[in-house]
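Below you'll find the structure, written out as structure tokens, and then a few comments.
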Amino acid sequence: VVGDPNQAIYGFRGADSKSLARLQQELQAGALGLTTTYRCGKAIVAEAQQFVPHFEAGEGNSEGEIKRVIREDMLPLVAYGDFILSRLNAPLAGYAMQLLRSQRRARIAGRDIGQGLKTLVRRFAKGAADMEAFLANVEVHAQKQRARFLALKWESKITELEDTVETLGTIAEGCETTQEMEQVIDALFTDDGLGDKGMVTLSSVHKAKGLEADRVWLLQE
């Protein structure tokens with residue numbers, strides 16, 4: 001049995017987040033830990049040890065570097081080949097739009113996310129004469145769904161809903177029509193060329209799993 005209890009992220013879908021411990025007990029199995037990373041800098045591993053204390057850096061790993069900067073100072077420092085990671089997608093849309101406005105190439109990981117957003121754009125565009133009416137349709141839908149999720153105590157669904165609404169709002173800011181919104185979504189959300197040295201890759205932490213970059217910006221927000 002191979003797995004990592006620190007990556008048990010599907011509890012909200014009903015998955016057993018303690019399955020590894022239960023299997024070990026039922027099988028009376030020993031444990032062989034794979035706790036050493038050979039690709040993360042030592043300073044980065046030290047940071048991670050706040051959350052996963054047994055994580056270790058290989059002796060030959062580079063030192064690495066941790067810096068903390070405020071939002072306003074970050075974007076001028078972002079370079080091609082960098083990753084910008086976030087727990088949610090909405091902040092990524094805002095940063096991507098700012099990078100594009102400053103004539104820098106940027107992509108957000110997740111063609112499936114883009115397709116979902118386009119479906120919503122088309123849905124809320126029905127009967128909307130302009131962008132103001134479109135955003136009003138989005139808000140009416142959001143209020144109904146928010147009330148429903150609150151009644152069912154689906155907190156994760158509320159977070160997902162707020163993230164989607166904020167993402168749509170951010171994209172709509174620079175667009176005059178919903179057709180233009182779809183074009184922006186197509187241009188931004190892709191799974192092609194992730195980590196390409198000629199662009200900035202923006203991604204949820206989950207979507208970036210397994211990828212590498214020399215420098216990663218992690219949004220604390």
Side-chain angles (χ1 to χ4, degrees), residues 9-15 71 74-75 78 83-194 196 199-209 217-221:
I9 61 174
Y10 288 107
F12 72 96
R13 292 185 181 177
R71 181 201 305 254
M74 181 188 121
L75 279 181
V78 172
F83 284 7
I84 299 176
L85 302 186
S86 172
R87 188 174 70 86
L88 300 173
N89 288 301
L92 298 177
Y95 282 113
M97 298 298 286
Q98 290 181 65
L99 287 166
L100 293 174
R101 292 187 193 112
S102 64
Q103 306 299 311
R104 286 183 284 173
R105 293 184 295 280
R107 294 289 184 272
I108 301 176
R111 184 182 289 112
D112 56 334
I113 298 170
Q115 289 300 321
L117 290 173
K118 284 172 62 179
T119 298
L120 290 175
V121 169
R122 291 167 186 168
R123 175 180 174 183
F124 300 131
K126 292 178 180 178
D130 52 28
M131 291 299 293
E132 186 176 346
F134 166 81
L135 291 173
N137 287 347
V138 173
E139 186 53 36
V140 168
H141 168 78
Q143 288 178 1
K144 290 180 180 178
Q145 289 292 83
R146 200 177 289 117
R148 176 169 167 258
F149 295 152
L150 279 170
L152 294 169
K153 297 183 179 179
W154 285 353
E155 294 183 9
S156 62
K157 285 290 186 182
I158 295 172
T159 301
E160 186 179 326
L161 172 67
E162 301 291 356
D163 188 33
T164 300
V165 170
E166 189 177 341
T167 302
L168 287 172
T170 300
I171 295 170
E173 283 179 10
C175 299
E176 295 182 3
T177 65
T178 54
Q179 289 81 6
E180 192 177 340
M181 281 187 70
E182 289 192 43
Q183 292 171 2
V184 170
I185 291 169
D186 280 335
L188 278 183
F189 290 87
T190 179
D191 291 324
D192 298 328
L194 296 182
D196 190 285
M199 69 175 66
V200 179
T201 297
L202 300 97
S203 174
S204 69
V205 174
H206 179 59
K207 284 280 185 184
K209 188 174 177 179
W217 302 90
L218 183 63
L219 303 181
Q220 188 171 339
E221 65 199 74

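Just so you know, residue 1 is the first one in the sequence shown, and it goes up from there.
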Rounded to the nearest 0.5 Å, what's the gap from [atom1] on [X] to [atom2] on [Y]? Could you check?
| X | Y | atom1 | atom2 | answer |
| --- | --- | --- | --- | --- |
| Thr178 | Glu180 | OG1 | CD | 10.0 Å |
| Thr177 | Asp130 | OG1 | CG | 11.5 Å |
| Met97 | Leu99 | CE | CG | 11.0 Å |
| Thr164 | Gln145 | OG1 | CD | 10.5 Å |
| Gln115 | Ile113 | CD | CD1 | 11.5 Å |
| Met181 | Glu173 | CE | CD | 10.0 Å |

Exercise. Applying side chain to side chain contact (heavy atoms under 4.5 Å, CB included), run through Trp217 and Val200 and close with a yes or a no.
Key: CA-CA 11 Å; Trp217 302 90; Val200 179; over 6 Å; no
Quiz item: So, Asp112 and Lys207, do they make that salt bridge, N to O below 4.0 Å?
Solution: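 Judged by the 4.0 Å cut-off on N to carboxylate O distance, Asp112 and Lys207 do form a salt bridge.
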Exercise. Look at Asp186 together with Lys118 and state whether they make a salt bridge at an N to O cut-off of under 4.0 Å.
Key: yes
Exercise. Evaluate the side-chain proximity of Arg122 to Glu182: yes if any heavy-atom separation is below 4.5 Å, no if none is.
Key: yes
Quiz item: Do the non-hydrogen side-chain atoms of Leu88 and Glu166 ever get within less than 4.5 Å of each other?
Solution: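 In short, these two side chains do not touch, never coming nearer than 4.5 Å.
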Donor-acceptor pairs under 3.5 Å, side chain of residues 132-141 to any protein atom, not counting sequence neighbours: which ones?
| unit_1 | atom_1 | unit_2 | atom_2 | d |
| --- | --- | --- | --- | --- |
| Asn137 | ND2 | Phe124 | O | 2.8 |
| Glu139 | OE2 | Gln143 | NE2 | 3.4 |

Quiz item: More than 12 foreign heavy atoms under 6.0 Å from CZ of Arg87: is that the case here?
Solution: no
Which atoms form the tightest heavy-atom contact between [X] and [Y], and what is the distance?
| X | Y | value |
| --- | --- | --- |
| Asn89 | Thr167 | C-OG1, 3.9 Å |
| Asp191 | Ala109 | OD1-C, 3.9 Å |
| Arg104 | Val78 | NH1-O, 2.9 Å |
| Val184 | Cys175 | CG2-SG, 3.8 Å |
| Ala96 | Leu202 | N-CD2, 3.8 Å |
| Leu219 | Pro91 | CD1-CB, 4.0 Å |

Exercise. Report the C-alpha separation of Leu75 and Ser102 in whole Å, then their side-chain angles, then the decisive distance to 0.1 Å, and conclude whether the side chain to side chain contact (heavy atoms under 4.5 Å, CB included) test is met.
Key: CA-CA 10 Å; Leu75 279 181; Ser102 64; over 6 Å; no
Quiz item: Yes or no on side chain to side chain contact (heavy atoms under 4.5 Å, CB included) for Glu160 and Phe149, after CA distance, side-chain angles and deciding distance?
Solution: CA-CA 11 Å; Glu160 186 179 326; Phe149 295 152; over 6 Å; no
Exercise. Begin with the C-alpha distance, continue with both residues' side-chain angles, and end with the deciding distance and a verdict on side chain to side chain contact (heavy atoms under 4.5 Å, CB included) for Thr159 and Asp163.
Key: CA-CA 6 Å; Thr159 301; Asp163 188 33; 5.5 Å; no
